[in-house]
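Here is how names work: the chains are called A, B, and so on, in the same order as the sequence lines, proteins then strands, and each is numbered from 1. The analysis underlying the following values was restricted to heavy atoms, covering all of them including side chains, and did not include hydrogens, waters or symmetry mates.
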2 protein chains.
Amino acid sequence: MEIKPTESELEILQVLWEKKACTVRDVHEELAQNKDAGYTTTLKLMQIMLEKGLVERDATNRTHIYKPLISIEHTRQNMLNKMIDTVFNGSASQLVMQVLSNKTSSKEELDMIKNYLEKLENNT
Amino acid sequence: MEIKPTESELEILQVLWEKKACTVRDVHEELAQNKDAGYTTTLKLMQIMLEKGLVERDATNRTHIYKPLISIEHTRQNMLNKMIDTVFNGSASQLVMQVLSNKTSSKEELDMIKNYLEKLENNT
DNA sequence: TCAAATGTACGAATGTTTTCGTAAATGCAA
DNA sequence: TTGCATTTACGAAAACATTCGTACATTTGA
């Protein structure tokens, strides 16, 4: 699967991932909180996403219901891999340390990560 | 600073970060290894980057010398923050764990990260 | 010296993404 | 019923990014 969502498409996917199934209006209203673009803009984008296979829809009723066709995990991983390749010289650990250095994480978060690391090491 | 480099601009920045100072030809030759686009394309892009303030140049001599004006760390952090905000619900640790789960890192890398984490915890 | 090579400048073509206007169909409520 | 609101479809404009052709200046070396 080599479809990279555009920035606007990602915004729409956020909403779909969160709400599982949406009408165009649902998505539009959600987006309208942070951004202003017309209703038909959102509609058009979602139609394009349908063509690209990023979403599917139930067109049984007049008001269509859209659902995401790509998973959030998959998309996250794709984006991370691309970023590691292009901006972090292929080093995942460099990326991790950069995240940890600037985002002031809580002790709980750090501990969670540490536990996770230990689990990883034991499993190999 | 709210200038987000485009994809092509990032490719050029990679080269500049690596080599510190470059002519257009330097950059072009480097890029030409993986991609094919004409010399004037690279030139034009670098001129645009100059206008945007992404790079500076010494135009004393006929062959101009370009240098990056934004640091690699800053750019990395910007990209990560944006990604955390938009795709990881604002949770840096979620991002970290996703990276660790899929990129099979070596034990050395994992240890490096663990040490780094401990240093972080001791400093707070 | 002077032609070829190398360099910059820059407008314009091309490609992609985003935005919107308008038309047509359907549902809804007075 | 009838007219107003909501919805889809779709073409085309606008905005943004990339690519390239061409003109012109400078350097180089035969």
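Contacts with DNA chain C (heavy atom under 4.0 Å) in residues 5-39 of chain B: B/Val24, B/Arg25, B/Tyr39, listed by number.
Per the geometry, CG belonging to A/Asn61 stands 18 Å off P belonging to D/dT6, to the nearest Å. Rounded to whole angstrom, the span from the NZ atom of B/Lys4 across to the P atom of D/dC16 amounts to 12 Å. Computed from coordinates, the A/Glu51 CD to D/dT8 P distance equals 15 Å when rounded to whole Å. One interatomic measurement links the two molecules: CG of A/Leu45 to C1' of D/dA15, which rounds to 14 Å at whole-angstrom precision. In this structure, the OH atom of A/Tyr66 is 8 Å from the C1' atom of D/dT8, given to the nearest Å. B/Lys44 has its NZ atom 13 Å from the C1' atom of D/dT22, to the nearest Å. Between A/Met46 atom CE and D/dT8 atom P the separation is 9 Å, expressed in whole Å. Taking atom CG of residue A/Leu43 and atom P of nucleotide C/dA24, one finds them 17 Å apart after rounding to whole Å.
For B/His64, there are no ring-ring contact (aromatic ring centres under 6.0 Å, His included) partners two or more places apart in sequence or in a different chain.
Each of C/dA9, D/dA9, D/dT18 was ranked by its minimum atom distance to the side chain of B/Ile48; first place goes to D/dT18.
Listed pair A/Thr40 / C/dC20 fails the phosphate criterion, with no side-chain N or O lying under 4.0 Å from OP1 or OP2.
Under the 4.5 Å side-chain criterion, counting only non-hydrogen atoms from C-beta, B/Leu95 is in contact with B/Val99.
A/Thr60 and A/Asp58 share a side-chain donor-acceptor pair at under 3.5 Å.
A salt bridge between B/Lys19 and B/Glu30 is present, with a side-chain N of the basic residue lying under 4.0 Å from a carboxylate O of the acidic one. Using a 4.0 Å cut-off between a side-chain N of Lys or Arg and a carboxylate O of Asp or Glu, B/Lys114 and B/Glu109 do not qualify as a salt bridge. Between B/Lys52 and B/Glu9 there is a salt bridge, since a side-chain N of the basic residue sits under 4.0 Å from a carboxylate O of the acidic one.
Here the rule is side chain to side chain donor-acceptor pair (under 3.5 Å) with B/Thr42, and of B/His28, B/Lys35, B/Glu29 only B/His28 fits it.
Heavy-atom distances to DNA chain D give each of B/Arg62 and A/Thr63 a nearest nucleotide, and the one nearer the 5′ end belongs to A/Thr63.
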